[in-house]
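Note that ligands are numbered from 1 as they come in the structure, with each ligand's atoms numbered from 1 the same way. Every heavy atom of this structure was used, including side-chain atoms; hydrogens, water molecules and symmetry mates were not.
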Amino acid sequence: MPVPATDISPFRQRRQRVLEHMRANGGGVAILPTAPQALRNRDADYPYRHDSNFYYLTGFPEPEAWLVLVAGPDGDRSLLFCREKNLEREIWDGYRFGPDAAAEAFGFDQAWPVGELDQRLPALLANQPALYAPLADSTALDRRLRQWLGAARQQARAGHTAPDRQFDLLAVLAEMRLFKDDTELQLLRRAGRISAAGHLRAMRHARPGLREYHIEAELLHAFRYEGSQAVAYNSIVAAGANACVLHYRAGDTELRDGDLLLIDAGAEYDSYAGDITRTFPVNGRYTGPQRTLYDLTVAAQEAAIAATRPGAHWNAPHEAAVRVLAQGMLDSGLLQGSLDGVIESGAYTRFYMHRTGHWLGLDVHDVGGYREDDGQGGRRWRTLQPGMVLTIEPGIYVRPADDVPEAYWNIGIRTEDDAAVTTDGCELLTRDVPVAADEIEAIMRDGRG
Ligand code: GLY
Ligand code: MN
Ligand code: MN
């Protein structure tokens, strides 16, 4: 029998924390389905990826599964509904735990076939004060919740009550997931190392005449070879002017001598995402204008990294990066005016139009609020605290225009690393692949032999 890939105790502890939260609010029932299997074309499926919230609380990898948590008068219960054993299907598709083995292996108090949801949920909801479920997240889920609540209400004449309060379970989980536990930090470090291995391999293989898809193949080779189960998001491999298209994919553009190559790619490891961007010269040496903007981006990233520490607010790294980038835009003639002027007017957004980071975790753009109550009826940026994990990814993108120095036309640069906030600063998870221009040039020189 397959065993769970990882120690199940973190999943149990997270379920316990949700139950404690529910109990502190008077108790109730939480309901959470995993993601459906998605059809790609005709009868071919996309590779299955479980729902991040469901996985966070269960570690259970199969589709057609539901978690039910009960914080009731008789104590806490952690219940799973999942597919039954089916030897015929298992011959074709592989092992299924089935309820009995799943309960044992993943530490549930009880598990039932997923086909018994309609029969069991009304009774589980009866006489509970509150329902915790994803709020307005999917019409399919809303329909089922309505059906179960309706069935629970119909037991009124038998003296039962149905929950009369609903809370958004997604909000509870988003706040929990914002603070990574030790298990998660280990997995994020591993995802970061694997992602870095992919970028190193890409640097070593890049040369004029290859195409973007050749480099994507090198990334995927390294990710998979190092044990990653999937990419964390579609890889961006953008040669030359393509780097100025922020959501470009890997296409078939040729890597030309003298051009830069921007790669934004990350591996997923045991469901946790790596997210790295590096920008390097196809021929192994940055030109003068490329180097000017490259060093500027690295300096902006260093300023943002220095601002990533506990007690700082969420926007501090962005503000630090913008100041450095805006000054560099003035120094290089991309912008005219004063530093405060181009920041206040937003003139710098012509060349730096995205933000400097996002939360990172089970999802590449992870859950978690960016603002919090300020205690005076307003909202302020969230304060960074140990255990939060974010990306730090400044960039500069110069499209051709008459009022822009031609030397910089079509240069697109981004440098992105993943950082975990620590007690006194941050730990960079992705620096197995360097960012300094000299170090990158040395790797490309040595890698080519
Ligand atoms: N690769 C997605 C991002 O950097 O946000
Ligand atoms: Mn990225
Ligand atoms: Mn990112």
query = How does Asp275 reach ligand 1, by side chain, by backbone, by both or by neither, if only non-hydrogen atoms under 4.0 Å count?
reply =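 The part of Asp275 near ligand 1 is the side chain, not the backbone.
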
Cationic tip of [X] within the cone over [Y]'s six-membered ring, i.e. under 6.0 Å and within 45° of the normal?
X      : Y      : value
Arg382 : Trp314 : no
Arg201 : Tyr225 : no
Arg190 : Tyr272 : no
Arg291 : Tyr294 : no

message = If I take the Mn ion (ligand 3) as the centre, what angle separates the OE2 atom of Glu416 from the NE2 atom of His358? Nearest 10 degrees is fine.
response =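 The OE2/NE2 angle about the Mn ion (ligand 3) sits at 130°.
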
query = Does the ring center of His358 lie less than 6.0 Å from the ring center of Tyr370?
reply =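 No, ring centres 6.0 Å or more apart.
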
Proximity flag Val364 to ligand 1, non-hydrogen atoms under 4.0 Å =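 Contact absent.
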
task = State the atoms of ligand 1, each with its element, that fall below the 4.0 Å cut-off from a heavy-atom position in Glu416.
result =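 Answer for ligand 1: 4 (O).
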
message = Can you name the atoms of ligand 1, numbered from 1 with element, that are less than 4.0 Å from a heavy atom of Tyr233?
response =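 Close to Tyr233: 1 (N).
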
N, O or S of His365 under 2.8 Å from the Mn ion (ligand 3) =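 So His365 does not bind the Mn ion (ligand 3) by this criterion.
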
Tabulate below the donor-acceptor pairs under 3.5 Å that side-chain atoms of residues 62-70 make, not counting sequence neighbours, or state none.
residue : atom : partner : partner atom : Å
Glu62   : OE1  : Arg83   : NE           : 3.4
Glu62   : OE1  : Arg83   : NH2          : 3.3
Glu62   : OE2  : Phe97   : N            : 2.7

ask   = Any idea which N/O/S atom from Asp275 gets closest to the Mn ion (ligand 3)?
value =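 The Asp275 atom nearest to the Mn ion (ligand 3), restricting to N, O or S, is OD2.
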
inquiry  = Among the N, O or S atoms of Glu393, which one sits nearest to the Mn ion (ligand 3)?
reply    =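 Result for Glu393 and the Mn ion (ligand 3): OE2.
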
ask   = Considering only protein heavy atoms, which is closest to atom 5 (O) of ligand 1, and at what distance to one decimal place?
value =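 Sorting protein heavy atoms by distance from atom 5 (O) of ligand 1 puts His365 NE2, 2.7 Å first.
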
message = Please give the atom name: the N, O or S atom of Asp264 nearest to the Mn ion (ligand 2).
response =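 Output for this pair reads OD1.
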
ask   = So does Tyr48 have more than 12 non-hydrogen atoms from other groups sitting under 6.0 Å from OH?
value =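 Counting other residues, nucleotides and ligands, OH of Tyr48 exceeds 12 neighbours.
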
